[in-house]
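Read through the structure below, which is laid out as structure tokens, and then see the notes.
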Protein chains: 2
Amino acid sequence: MIRFSKKIEYALGTLQFLGLHQNTPISARELSIKLKIPYEFLSKTLQQLARSGIVIANYGIKGGYHLAKKPSEIHFSDIIDALDENASVVDCVDGLEASCERYNYCNIKNPLLELQSKIFELIRSTTLEDLLKDFKSTKFDVANLDC
Amino acid sequence: MIRFSKKIEYALGTLQFLGLHQNTPISARELSIKLKIPYEFLSKTLQQLARSGIVIANYGIKGGYHLAKKPSEIHFSDIIDALDENASVVDCVDGLEASCERYNYCNIKNPLLELQSKIFELIRSTTLEDLLKDFKSTKFDVANLDC
DNA sequence: TAAAATACGATTATTTTAATCGTATATTTA
DNA sequence: TAAATATACGATTAAAATAATCGTATTTTA
Ligand code: SF4
Ligand code: SF4
């Protein structure tokens with residue numbers, strides 16, 4: 001199996017929402033309710049995104065989170081990195097041979113690394129803007145969206 | 001995270017080995033030893049590959065497994081399908097709305113499905129031949145390979 | 001007919017992912 | 001300046017997915 005984790009899905013949905021409301025900070029609590037994501041989990045995810053400079057945290061009574069950059073500058077690969085996940089099809093990527101016990105006698109790694117770099121390129125070239133363009137093109141009334 | 005399972009890796013290594021010895025059937029036991037894969041696990045994996053017409057099982061005292069088709073005709077997507085795994089980046093692929101509880105209010109699925117179809121295409125277009133070409137090009141002495 | 005091989009359901013162990021808990025800290029505004 | 005509203009984050013628990021193992025049956029051929 002090869003799949004995005006829930007954490008990544010949550011992050012994508014959240015960033016999309018923030019992208020639709022770029023002017024005002026939105027609290028983790030509100031995001032959690034609107035997007036039906038467990039608060040503590042989302043909260044921690046937002047903290048990770050903040051540490052990586054993808055969103056900005058605003059403290060205080062009217063605080064919340066907002067995007068730190070333009071949607072077109074937020075690559076999926078950045079998001080995955082920020083969440084400490086990785087998109088490697090195999091373990092032995094980072095040159096850390098130790099990461100896989102069969103590294104030395106493994107004859108499939110090179111072709112797999114090739115495939116992986118192609119997948120990486122796809123993920124890198126997808127940005128938050130791709131999550132927003134449907135809304136743009138259909139001129140959705142953002143204010144009235146449940147989500 | 002987005003990664004091939006061990007089962008898939010084992011299958012790829014095994015098919016590569018079978019591809020290097022296309023003339024003679026090789027028993028699950030021998031494959032398990034040569035490739036250092038737990039026997040029962042590999043055995044079941046081979047059965048799945050056999051059911052899907054990727055390898056052919058030969059019973060009896062000189063039996064074993066051999067490839068059912070040319071390497072160029074064995075796509076990675078076939079292998080993944082055979083092993084009952086899938087390469088979907090998200091759950092909601094198959095049009096089974098029920099597969100995800102948030103389907104109805106989810107606004108990220110369309111762009112993700114787009115990304116997914118590109119990844120699918122990469123996986124489909126990679127074949128067992130890609131796992132063998134290094135051996136071909138370097139004129140490896142297959143007979144002397146440990147693996 | 002015995003040996004060597006595959007077939008396969010069922011169970012257990014391990015690892016990864018997801019969710020929750022508890023407490024500390026920062027900021028704003030009334 | 002105090003109370004309310006937020007974020008910060010380590011630690012723990014729960015749930016799910018993956019990997020490994022067990023036990024027994026069936027098939028073929030030397
Ligand atoms: S070395 Fe081979 S077996 Fe190990 S992670 Fe890489 S591809 Fe997989
Ligand atoms: S519907 Fe949305 S949340 Fe559900 S699996 Fe698809 S992309 Fe993910």
Side-chain angles (χ1 to χ4, degrees), chain A residues 1-11 13-14 18 24-33 35-52 54-66 68 80 82-88 90-91 99-102, chain B residues 1-11 13-14 18 24-33 35-52 54-66 68 80 82-88 90-91 99-102:
Chain A
M1 186 157 338
I2 164 169
R3 167 149 323 182
F4 284 154
S5 67
K6 280 253 196 293
K7 183 147 104 171
I8 292 178
E9 273 199 39
Y10 290 163
T14 302
L18 293 179
T24 44
I26 304 173
S27 75
R29 180 69 61 184
E30 181 178 352
L31 287 165
S32 144
I33 293 169
L35 300 172
K36 300 195 174 68
I37 299 171
Y39 170 74
E40 289 86 358
F41 197 70
L42 174 60
S43 182
K44 193 149 47 168
T45 302
L46 283 165
Q47 288 161 35
Q48 290 184 283
L49 293 173
R51 273 197 291 268
S52 297
I54 293 173
V55 299
I56 291 173
N58 306 101
Y59 279 59
I61 193 167
K62 297 191 81 172
Y65 293 91
H66 68 272
I80 292 173
L83 301 179
D84 274 321
E85 310 233 351
N86 75 58
S88 327
V90 283
D91 266 332
S99 65
C100 175
E101 43 177 330
R102 53 196 341 113
Chain B
M1 185 159 336
I2 165 168
R3 167 150 321 182
F4 285 153
S5 67
K6 279 252 194 293
K7 183 147 104 173
I8 293 178
E9 273 199 38
Y10 289 163
T14 302
L18 293 179
T24 44
I26 304 173
S27 75
R29 180 69 60 186
E30 182 178 353
L31 288 165
S32 142
I33 293 169
L35 300 173
K36 301 195 175 67
I37 299 171
Y39 170 73
E40 290 86 356
F41 197 70
L42 175 59
S43 182
K44 194 149 48 166
T45 302
L46 283 163
Q47 289 161 33
Q48 291 184 283
L49 293 173
R51 274 198 291 269
S52 297
I54 292 173
V55 300
I56 291 173
N58 306 101
Y59 280 58
I61 193 168
K62 298 192 78 173
Y65 293 91
H66 67 273
I80 292 173
L83 302 180
D84 274 323
E85 309 231 353
N86 74 59
S88 325
V90 282
D91 266 332
S99 65
C100 175
E101 40 177 332
R102 50 194 343 110

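Sequence lines set the chain letters: A, B, ... in the order given, protein chains first and strands last, and positions in each chain run from 1. We use all heavy atoms of the structure for the numbers below, so side chains are in, but hydrogens, waters and symmetry mates are not.
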In terms of heavy-atom contacts, B:Ile2 and A:Ala87 come closest through CG2-CA, 3.0 Å
Counting side-chain heavy atoms from C-beta on, which of C:dA5, C:dC21, C:dT29 comes nearest to A:Ile61?
-> C:dT29
Between C:dT17 and A:Tyr10, is there an OP1 or OP2 to side-chain N/O distance shorter than 4.0 Å?
-> no
Side chain of B:Ser27 only, please: which of D:dA8, D:dG10, C:dA5 is the nearest?
-> C:dA5
Given D:dT18, is OP1 or OP2 found less than 4.0 Å from the side-chain N or O atoms of B:Arg3?
-> no
Rounded to the nearest 0.5 Å, what's the gap from CG on A:Leu46 to CG on A:Leu18? Could you check?
-> 7.0 Å
Smallest separation among heavy atoms of B:Glu9 and A:Val90, with atom names = OE2-CG1, 3.2 Å
Under 4.0 angstrom between B:Arg29 side-chain N/O and C:dT6 OP1 or OP2 | no
Pick the nucleotide of DNA chain D nearest each of B:Lys62 and A:Gly63; which residue has the one closer to the 5' end?
-> A:Gly63
Name the closest nucleotide to the A:Tyr59 side chain, picking from D:dC9, D:dT7, D:dA20.
-> D:dT7
Between A:Pro38 and A:Ser32, which heavy-atom pair has the shortest distance, and what is it?
-> C-OG, 4.3 Å
Can you check the B:Tyr39 OH to C:dC8 C1' distance for me, whole Å?
-> 12 Å
Can you check the B:Ile56 CD1 to C:dA5 P distance for me, whole Å?
-> 19 Å
Could you please name the option among C:dA19, D:dA19, C:dT6 that lies closest to any side-chain atom of B:Ser5?
-> D:dA19
How would you label the contact of A:Ala28 with the nucleic acid (heavy atoms, under 4.0 Å): base, sugar-phosphate, or nothing?
-> sugar-phosphate
Is there a donor-acceptor pair under 3.5 Å between the side chain of A:Ser88 and the backbone N or O of A:Asp91?
-> no
How many Å lie between NZ on B:Lys6 and C1' on C:dT14, as a whole number?
-> 12 Å
In whole angstroms, how far is the P atom of D:dT7 from the CG atom of A:Leu18?
-> 11 Å
Which whole-number value in Å describes the distance from A:Asp91 CG to D:dT18 P?
-> 14 Å
Which sits closer to the 5' end of DNA chain C, A:Leu42 or B:Ile26, going by the nucleotide each is nearest to?
-> B:Ile26
Any A:Tyr65 side-chain N or O less than 4.0 Å from OP1/OP2 of D:dA8 | yes
B:Gln47 side chain: which of C:dA18, C:dA7, D:dT7 is closest?
-> C:dA7
B:Asn86 CG to D:dA17 P: how many Å, rounded?
-> 12 Å
Give the nucleotide from the list D:dT7, D:dA20, C:dA18 with an atom nearest to the side chain of A:Lys7.
-> C:dA18
Paired nucleotide for D:dA30 [Watson-Crick or G-U wobble; both distances under 3.5 Å] | C:dT1
B:Leu35 atom CG is separated from D:dA20 atom P, nearest whole Å, by 14 Å
Partner of B:Lys7 under side chain to side chain contact (heavy atoms under 4.5 Å, CB included), picked from B:Leu83, B:Ile37, B:Asp84, is B:Leu83
Value in whole Å for how far the P atom of D:dA19 lies from CG of B:Leu83 | 11 Å
